[in-house]
Amino acid sequence: MLTLQFLREQPDIILEGLKKRNFKEAETLVQQVVENDRLRRETQNTLDALKARSNADSKKIGELMKTGKAEEAAALRASVAADKDKIKSLEESLSEYEKNQIEILYKIPNVPAAIVPAGKSAEDNITVHSHGIIPTLHSGALPHWELIKKLDIIDFDLGIKIAGAGFPVYKGKGARLQRALINFFLDEANKAGYREIQPPVVVNEASGYGTGQLPDKEGQMYFVNADGLYLIPTAEVPITNLYRDVILNEDELPVKNAGYTPCFRREAGSWGAHVRGLNRLHQFDKVEIVQICKPEDSYRILDEMCAHVQGLLEKLELPYRKLLLCGGDMGFNSAITYDMEVYSAAQQRWLEVSSVSNFETFQANRLKLRYKNKESKTQLLHTLNGSALALPRIVAALLENNQTPDGIRIPKVLVPYTGFESI
RNA sequence: GGAGAGAUGCCAGAGUGGUUGAAUGGGACGGUCUCGAAAACCGUUAUACCCGCAAGGGUAUCGAGGGUUCGAAUCCCUCUCUCUCCGCCA
């Protein structure tokens with residue numbers, strides 16, 4: 001959620017930035033906020049003055065009663081009663097303006113950072129870095145959905161039997177590979193200075209609003225009706241919400257947390273081509289890294305986080321490319337996003353395995369996440385997060401790229417975790 | 001699932017209708033004292049919004065929402081959450 005101050009003081013910068021997202025309603029919405037805000041302030045002004053008068057009068061009545069001047073008190077009472085009616089109607093319109101303000105603000109996406117290119121779709125993203133060699137596979141090489149059947153390590157049919165499509169069952173070396181990757185990612189995060197967090201995998205409504213999944217993406221989350229809880233689509237939600245309504249001290253920054261959780265996504269309406277096998281699931285595992293920092297540090301930290309993710313991919317010996325997303329392909333909350341994609345050799349496709357974003361104050365404003373600066377003024381912080389990493393597509397790429405006629409070769413760095421060198 | 005208790009400032013905890021944004025204690029911060037520290041003493045210690053160049057002023061907030069009243073932390077209603085005991089249970 002953009003801050004009102006920003007909207008009020010620099011609407012031109014916002015409109016200019018939102019053009020890069022190809023966000024058509026920008027002008028209308030910004031105008032609405034500014035106008036609504038003007039009316040809100042006007043109303044609050046008269047309301048406050050009226051309340052001030054009635055407060056003072058009430059105090060006077062108390063004094064008059066004490067000194068036994070009942071008649072004067074009665075006269076004042078009448079005038080206060082009259083004010084009260086006005087106060088009530090002004091309060092109603094004030095809360096109407098406040099409600100409008102939130103509703104409009106929820107509809108305006110974050111303003112892209114200066115270096116984010118304009119664009120409409122994934123085709124306008126910019127490849128800023130690539131690494132590794134795309135492997136040439138032996139003849140008879142298979143896509144991962146064939147490999148997992150042949151090796152009997154990941155079973156979609158069993159998942160369908162006990163849950164539904166998109167909930168695979170990992171078996172034997174398949175399950176152990178999952179556990180190995182999770183532990184590897186967590187250990188690497190720990191080495192990089194992240195504190196490990198194990199959050200709940202369900203969150204309440206307030207948390208959904210805090211990180212911006214609600215109200216927009218309501219249909220994308222699984223919802224437990226009986227208890228009003230949402231299954232988390234990413235560990236970003238619980239881990240960032242730990243800091244909802246928090247004022248940090250400057251010396252606690254930056255906050256670096258990381259956590260492994262299963263992630264649940266309904267992916268409503270997004271099934272079809274290109275989503276075979278592990279490419280898109282309803283439940284998957286992911287290690288997420290989350291940082292909270294002072295505004296002036298966030299772009300340095302964004303680079304640091306990207307470097308961490310790239311390091312993981314390099315250690316896993318996976319060819320990858322790093323994309324700077326264009327305005328139109330970026331998430332609603334993000335000011336800038338880098339995607340990491342690995343090459344999946346049998347599918348001959350790039351697969352997104354990580355998304356590293358700086359939200360600047362956009363999330364912090366909703367979360368009321370602030371810090372006290374040196375002048376002991378409270379100021380909004382910046383939040384960032386990134387996948388480090390999401391498992392299924394990593395597994396898909398590992399299986400496809402590392403297949404040999406004799407089996408799947410496990411990357412060296414993982415062997416201490418898996419306890420085996422090939423599948 | 002059954003029964004009960006509670007929700008007040010950073011924390012603990014008082015306050016049952018009229019200068020109560022809120023006693024008191026603790027913590028934290030600043031100062032005095034000290035070579036330094038401890039102790040003691042003094043002081044400071046909320047957030048949001050509005051008006052204002054500023055100084056400053058106003059409004060709201062004692063879980064949330066509504067009601068009674070000229071006036072509510074205090075009375076009434078609804079909701080939420082937490083805790084305790086019992087039950088169930090990894």
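Letters A, B, ... mirror the listed sequences (proteins, then strands); counts begin at 1. We use all heavy atoms of the structure for the numbers below, so side chains are in, but hydrogens, waters and symmetry mates are not.
- Annotation: B:rA39 and B:rC33 have their C1' atoms spaced 11 Å apart (nearest Å).
- Residue A:Lys59 places none of its side-chain N or O atoms closer than 4.0 Å to OP1 or OP2 of B:rU20.
- If you check B:rG25 for Watson-Crick or wobble pairing at under 3.5 angstrom, you find it paired to B:rC11.
- Pairing partner, B:rU19: none, since no Watson-Crick or wobble contact has both distances short of 3.5 Å.
- Note: A:Tyr230 and A:Phe223 have tilted aromatic rings, judged against thresholds of 30 and 60 degrees for the angle between ring planes.
- Regarding A:Asp245, its CG atom lies at a distance of 12 Å from the P atom of B:rA64, rounded to whole Å.
- The same atom, P, is picked in B:rG2 and in B:rC10; the two are 36 Å apart, to the nearest Å.
- Distance check on atom P: B:rC42 versus B:rG26 gives 11 Å, rounded to whole Å.
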**Request:** Starting at the 5' end of nucleotides 48-61 of chain B, put B wherever the base has a protein heavy atom under 4.0 Å, S where only the sugar-phosphate does, and a dash everywhere else.
**Result:** SBSS------BSS-
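- Comparing B:rG65 with B:rA60, their C1' atoms are spaced 15 Å from each other, to the whole Å.
- A cation-pi arrangement is present between A:Lys173 and A:Phe420 under the rule of less than 6.0 angstrom and at most 45 degrees off the ring axis.
- Shown here, B:rG36 forms no base pair; nothing in the strands shown gives a Watson-Crick or G-U wobble contact with both key distances under 3.5 Å.
- The backbone N or O of A:Ser344 sits nowhere less than 3.5 Å from a side-chain atom of A:Gln347 that would complete a donor-acceptor pair.
- Nucleic acid contact for A:Leu76: none, since no nucleic acid atom lies under 4.0 Å from a heavy atom of the residue.
- Within the model, atoms CZ of A:Arg41 and CG of A:Leu4 stand 7.5 Å from one another, a figure rounded to the nearest 0.5 Å.
- Between the CG atom of A:Asn365 and the P atom of B:rU47 there is a distance of 17 Å, given to the nearest Å.
- Remark: A:Val80, A:Lys84, A:Lys88 in residues 78-99 of chain A come within less than 4.0 Å of RNA chain B through at least one heavy atom.
- For B:rG30, the paired base is B:rC42 (Watson-Crick or G-U wobble, both distances below 3.5 Å).
- Considering A:Val116, A:Asp124, A:Asn125 as possible partners of A:Leu325, the one that fulfils the side-chain contact (heavy atoms from CB on, under 4.5 Å) test is A:Asn125.
- Under the Watson-Crick and G-U wobble criteria, each requiring two contacts below 3.5 Å, nucleotide B:rU47 is paired to B:rA60.
- What you find for A:Ala397 and A:Val342 is that their closest heavy atoms are CB-CG2, 3.7 Å.
- Between A:Met221 and A:Arg266, the shortest heavy-atom contact is O-CD, 3.2 Å.
- Side-chain contact annotation: A:Asn385 with A:Gln291, donor-acceptor N/O pair under 3.5 Å absent.
- One C1' atom belongs to B:rG13, the other to B:rA73, and the distance between them is 14 Å to the nearest Å.
- Separating the NZ atom of A:Lys368 from the C1' atom of B:rA46 is a distance of 15 Å, rounded to the nearest angstrom.
- Ring planes of A:Phe167 and A:His282: tilted class, angle from 30 to 60°.
- For the pair A:Ile61 CD1 and B:rU19 C1', the computed distance is 15 Å after rounding to whole Å.
- A:Leu248 places its CG atom 15 Å from the P atom of B:rC10, with the value rounded to the nearest Å.
- Across the protein-nucleic acid pair, A:Glu72 atom CD and B:rC70 atom C1' stand 15 Å apart, rounded to whole Å.
- On the P atoms, B:rC77 is 15 Å away from B:rG6, given to the nearest whole Å.
- Classification of the A:Phe264-A:Tyr222 ring pair by plane angle, with boundaries at 30° and 60°, yields perpendicular.
- B:rA5 is paired with B:rU82 under the Watson-Crick or G-U wobble criterion, all donor-acceptor distances under 3.5 Å.
- With rounding to the nearest 0.5 angstrom, the CD1 atom of A:Ile126 is 9.5 Å from the OH atom of A:Tyr338.
- The gap from the P atom of B:rG57 to that of B:rG66 amounts to 30 Å, rounded to the nearest Å.
- One C1' atom belongs to B:rU8, the other to B:rG25, and the distance between them is 15 Å to the nearest Å.
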